[in-house]
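Excluded from the calculations below are hydrogen atoms, water molecules and symmetry mates; all remaining heavy atoms, backbone and side chain alike, are included.
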Amino acid sequence: MPELPEVETMVRGLRPVLEGSRLAAVRVLDARLLSGCSADSLAAAVAGAVVEQVCRRGKWVVLILSAGAGLIVIQPRMTGGFWLTPPPRPDHVRLIFELRGRRHPIWFCDTRRLGRVTWFPDPSAAERAFARSHGPDALQIGLDDLAARLARTTRAIKPALMDQKVLAGIGNIYADEILFEAQIHPSRPAATLRPTQIAAIHRAISAVLWRAIAAEGSSFDAGYRTVLGLEGGFLASNNLYGREGQPCRRCGLAIRKTRIPGLIGRPTYVCTRCQRPPRSVSGRSGRIGGVALD
DNA sequence: CGGTTACCCTGGATGC
DNA sequence: TGCATCCAGGGTAACC
């Protein structure tokens, strides 16, 4: 669930506590979340190191450690999150950062254990690992770069926006909100978008993500919370996600929850009046297994 | 190689 | 009430 705004909110919450602090120890309660390093190598490398900087790269949380200690990457994925106060579900704690001179540790909880934690001995190795699987950050990508990347795929615009190799940070919720803002149907083939439409998407990416960051992200069910345990406020004012059957805030038509080709298995919310379906998926042609798609 | 699907996980919601 | 099934959704491996 954590997408760019939620990860940015985590980073902003961790920064005042972590930056400049010395790590006393890292306790790995579930080794399954480690990727590419052992619990021993992580604990050994990290003990005594100072956290110089906390930053975000796409949906990664990055802790840059003092010279020689490398850096730690945390991918919260679906249900990962940090707590600065004792978490409500101690059984979901997977990792604990103990800080010198601070009474409370920082807890990393992850209900579904989909999150990943990696230690890189060398910052440049982490940079290469990120670049192998990610394009430019969604808040940094230039219009021309975005246009070029969308022009060279045969996919629909929504799966293209969610592809971290195209641009980093957008997931299922914000892809829908961005395409609503730009008034583009999620099934529209990315390469057929006109320059004005790409410009609208480029503007919508920044507008939606910054609005969500200001609201401290999106919360639902038992999922994401800020590091202070608070719920993000974005879903109180959003346009599509979770609003099936409710009136579009722009035109009043009922919001539909559907599935689109290329993203079967994930819900897509759309206003079919504000986001006109492309020819290829309107009418009777766009069906999979007897289910109408739009 | 680009695109698509299966699977990883758990718990809350839904269905019978 | 109890049990089975579905669903969420980021990411990667495997597949076509």
Side-chain angles (χ1 to χ4, degrees), chain A residues 1-8 10 29-36 56-61 73-81 87-95 108-118 129-135 137-138 148-178 186-192 209 212 217-225 232 234-235 238 240-245 257-269 280-281 286 288-289 291 293:
Chain A
M1 207 284 251
E3 304 180 30
L4 185 153
E6 290 75 33
V7 176
E8 179 66 24
M10 290 178 192
L29 304 189
D30 180 1
R32 277 190 283 176
L33 91 170
L34 295 180
S35 168
R56 178 188 63 75
R57 304 285 267 123
K59 301 175 191 173
W60 292 10
V61 175
V73 170
I74 300 122
Q75 297 176 255
R77 299 217 181 154
M78 271 299 297
T79 54
R89 290 294 300 261
D91 51 326
H92 292 164
V93 176
R94 311 296 179 211
L95 194 76
F108 178 73
C109 297
D110 184 12
T111 303
R112 286 168 57 186
R113 306 177 198 262
L114 295 172
R116 290 293 177 267
V117 173
T118 309
F130 185 87
R132 261 202 308 277
S133 53
H134 292 78
D137 194 271
R149 287 165 178 271
L150 294 180
R152 70 172 90 107
T153 180
T154 62
R155 312 160 85 184
I157 181 62
K158 184 179 177 188
L161 286 180
M162 290 174 63
D163 186 342
Q164 303 303 294
K165 293 200 76 165
V166 174
L167 74 172
I170 297 171
N172 195 48
I173 294 176
Y174 295 108
D176 280 352
E177 299 293 334
I178 287 163
S187 292
R188 176 71 179 270
T192 69
L209 295 180
S218 303
S219 302
F220 65 84
D221 299 339
Y224 162 82
R225 293 292 181 279
F234 182 77
L235 292 187
N238 73 317
L240 298 181
Y241 194 86
R243 298 193 66 239
E244 181 183 19
K257 180 182 182 181
T258 183
R259 312 268 164 179
I260 63 164
L263 267 183
I264 303 299
R266 309 257 159 108
T268 287
Y269 294 85
S280 56
V281 293
I288 291 179
V291 177
L293 297 165

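No donor-acceptor distance shorter than 3.5 angstrom exists from the side chain of A/K165 to the backbone of A/A131, with no hydrogens or angles considered.
In this structure, A/R266 reaches the bases: a heavy-atom distance under 4.0 Å links it to at least one base atom across the strands shown. Nucleic acid contact class of A/R89 (heavy atoms, under 4.0 Å, all strands): sugar-phosphate only. As judged by a 4.0 angstrom heavy-atom cut-off over every strand, A/P267 is placed among residues touching the sugar-phosphate backbone only. Residue A/T153 is classed as a sugar-phosphate contact, given heavy-atom separations below 4.0 Å to backbone atoms only.
In this structure, A/L263 atom CG and B/dA6 atom C1' are separated by 15 Å, rounded to whole Å. Atoms CG (A/D176) and P (C/dA8) sit 12 Å apart, rounded to a whole Å. To the nearest angstrom, C1' of B/dC9 lies 9 Å from CG of A/D110. We find that CZ of A/R132 is positioned 15 Å from C1' of C/dG11, with the value rounded to whole Å. Computed from coordinates, the A/D163 CG to B/dC1 P distance equals 15 Å when rounded to whole Å. Residue A/K165 contributes atom NZ, which lies 10 Å from atom P of C/dT12 at whole-angstrom precision. Note: CG (A/D30) to C1' (B/dC8) measures 13 Å, nearest angstrom. Across the protein-nucleic acid pair, A/I264 atom CD1 and C/dC15 atom P stand 21 Å apart, rounded to whole Å.
For the pair A/D30 and A/R32, the salt-bridge criterion is met [side-chain N within less than 4.0 Å of a carboxylate O]. Between A/D110 and A/R77 no salt bridge is recorded (no basic side-chain N to carboxylate O distance below 4.0 Å).
Closest to the A/R155 side chain, of the nucleotides C/dG11, B/dT4, C/dG10, is B/dT4. Taking the side chain of A/Q75 as heavy atoms from C-beta on, and the options C/dA8, C/dT12, B/dC9, the nearest nucleotide is C/dT12. For A/T111, whose side chain is taken as the heavy atoms from C-beta onward, the closest listed nucleotide among B/dT10, C/dG11, C/dG10 is B/dT10.
For A/K257, a side-chain nitrogen or oxygen approaches OP1 or OP2 of C/dA8 to under 4.0 Å. Taking 4.0 angstrom as the limit, A/H92 places a side-chain polar atom (N or O) nearer than this to OP1 or OP2 of B/dG11. Contact annotation: A/R113 side-chain N/O to B/dT10 OP1/OP2 distance is under 4.0 Å. For B/dG3, one of the phosphate oxygens OP1 or OP2 lies less than 4.0 angstrom from a side-chain nitrogen or oxygen of A/T154. A sub-4.0 Å separation between OP1 or OP2 of B/dC9 and a side-chain N or O of A/R94 is absent.
In this structure, A/F234 CZ and A/I173 CD1 are separated by 8.5 Å, a value rounded to the nearest 0.5 Å.
Partner of A/L161 under the side chain to side chain contact (heavy atoms under 4.5 Å, CB included) criterion, chosen from A/D176, A/L167, A/N172, A/V166: A/L167.
At a threshold of 4.5 Å between non-hydrogen side-chain atoms, the residues A/L235 and A/N238 count as touching.
Atom P of B/dC9 sits at a distance of 14 Å from the matching atom of C/dA14, rounded to the whole Å.
DNA chain C is contacted by both A/L114 and A/S133; A/L114 maps to the nucleotide lying nearer its 5′ end (nearest heavy atom per residue).
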